[in-house]
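Here's the structure we're looking at; comments come further down.
Here is how names work: the chains are called A, B, and so on, in the same order as the sequence lines, proteins then strands, and each is numbered from 1.
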Amino acid sequence: MYFSLSRLVSLDVKWADLFDTSNPTFFDQHHNPYYELIVIADGTVHLEVSESRHTLQTGESLLLMPWEVHRGWNAQERQGQFFWVQFSCNPDLQEFVLERASQLHIAHAERTELRTTEVHREDLLVLPRRQQSLQRYKLLGLFEQLVQTMKQSKDYFRFHATLLLGEILLLMAGDFLEQRQLGAASPASYLTFRALADHLNNFYESDVSKETLERVLERKYEYLCQVFKKYTGTTIHHYVHQLKIQRAKHLLEQTAKSVKEIAEEVGYPDPFYFSRIFKKLVGVAPQHYRNSKP
DNA sequence: CACTAAATGATTCTCCAACA
DNA sequence: TGTTGGAGAATCATTTAGTG
């Protein structure tokens, strides 16, 4: 079973601690209103979670859903210690159906965020319900820090705890990716795409013609379009317009420059054309946009 | 998989005029 | 000063077929 976590999530650590299974309450029923992540710190832990019984070794992790009932079992065997953290998460974790291994690849590299203000897609972290970490000491180290942080309750400890939890989740998701032997090498086309996007980001107001792009990147334009579309879902010039308009909006709000000057500055020699594009992308004409802002 | 050539359809861009 | 619209030319985007 797998879960996906949105990149745009807000996390909140509720509590974290180290639990020793010699504590007699280990065999009582436990449940809580939050997500709970358990990582075995030492020894073996026998844990029963809603009817299914797990035997977890050091470094293994188990992700519990809110209100999921869990308790220890197998009282005969000696058991160890585990870290746990309870957290809330918005949006919630989604159950993730992993049909093909390639889905992970898509989550990892297929679409990329550009430098515009709009969010084109959410990258999802994929977290397995149960997993043995490849970097168990790093994981346990992070947990140790998390528990310390929550105990000290000073400075920005809640903020720090959130970052630590994020790092823990990222580490686990990264491990999972690696275990799938995916996400290792970036394809060459991705590097081409990066170079292209960098060029657009830097020169969008001056020179992004077909010829220049071919010359700078030493690839045929047809290919560049193909690659750009593949990673972003949009076209080169649509992206350039977005960059220009984004800057124009800023200039309209923050300066007293005329529309004509702004058009010139962001890369539209023809102010008539600038107006038209602005209207198309923003919904209102430049001057109206400026007037509507306080 | 990375890339090119060629063909074709799509859109963007320029320039002009009319109007608020 | 700024917005909107049209017409035609210039560019751009996409597809298909093909190479190593």
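- Under 3.5 Å, the side chains of A:Asp175 and A:Ser133 contain a donor-acceptor pair of N or O atoms.
- With side-chain heavy atoms closer than 4.5 Å counting as contact, directly or through intermediates, the hydrophobic cluster containing A:Leu163 also holds A:Tyr156, A:Phe159.
- Residue A:His237 places its side chain closer to C:dC12 than to any other of C:dT14, B:dC3, C:dC12.
- As rounded to whole Å, 15 Å separates atom P of C:dT14 from atom NZ of A:Lys230.
- The local environment of NZ in A:Lys260 is sparse, with at most 12 non-hydrogen atoms from other residues, nucleotides or ligands closer than 6.0 Å.
- A:Phe193 has its CZ atom 14 Å from the P atom of B:dA2, to the nearest Å.
- Taking the six-membered ring for Trp, A:Tyr2 and A:Phe176 have ring centres closer than 6.0 Å.
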Show the distances under 3.5 angstrom between N or O atoms of the protein and N or O atoms of nucleotides 4-9 of chain C.
| unit_1 | atom_1 | unit_2 | atom_2 | d |
| --- | --- | --- | --- | --- |
| C:dT4 | OP1 | A:Lys279 | NZ | 2.9 |
| C:dG5 | N7 | A:Arg276 | NH2 | 3.0 |
| C:dG6 | O6 | A:Arg276 | NH2 | 2.6 |

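- Atom CG of A:Asp42 is separated from atom CG of A:Leu140 by 9.5 Å, given to the nearest 0.5 angstrom.
- Contact annotation: A:Lys229 side-chain N/O to C:dT14 OP1/OP2 distance is under 4.0 Å.
- Side-chain N or O atoms of A:Thr21 include one that pairs as donor or acceptor with a backbone N or O of A:Gly80 at under 3.5 Å.
- Proximity of A:Leu62 to A:Val49: side-chain heavy atoms (C-beta onward) are separated by under 4.5 Å at one or more points.
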Using a cut-off of 4.0 Å between protein heavy atoms and nucleotide atoms, how would you tag nucleotides 5-11 of chain B 5' to 3' with B, S and -? SB-----

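- Atom-to-atom, CZ of A:Phe228 to C1' of B:dC3 comes out at 19 Å; the value is rounded to the nearest Å.
- Looking only at distances, no side-chain donor or acceptor of A:His46 sits under 3.5 Å from a matching main-chain atom of A:Trp73.
- The nearest whole Å value for the distance from the NE2 atom in A:His241 to the C1' atom in C:dC12 is 10 Å.
- Taking the side chain of A:Cys225 as heavy atoms from C-beta on, and the options C:dT14, C:dG2, B:dA2, the nearest nucleotide is C:dT14.
- In this structure, A:Asp270 places its CG atom 15 Å from C1' of C:dT1, rounding to the nearest Å.
- Distance A:Ile277 CD1 to C:dT3 P: 14 Å, rounded to the nearest Å.
- Separating the CG atom of A:Leu213 from the P atom of B:dT4 is a distance of 14 Å, rounded to the nearest angstrom.
- Ring centers of A:Phe82 and A:Phe19: under 6.0 Å apart, within the cut-off.
- Whole-Å rounding puts the A:Glu214 CD to B:dC3 P distance at 13 Å.
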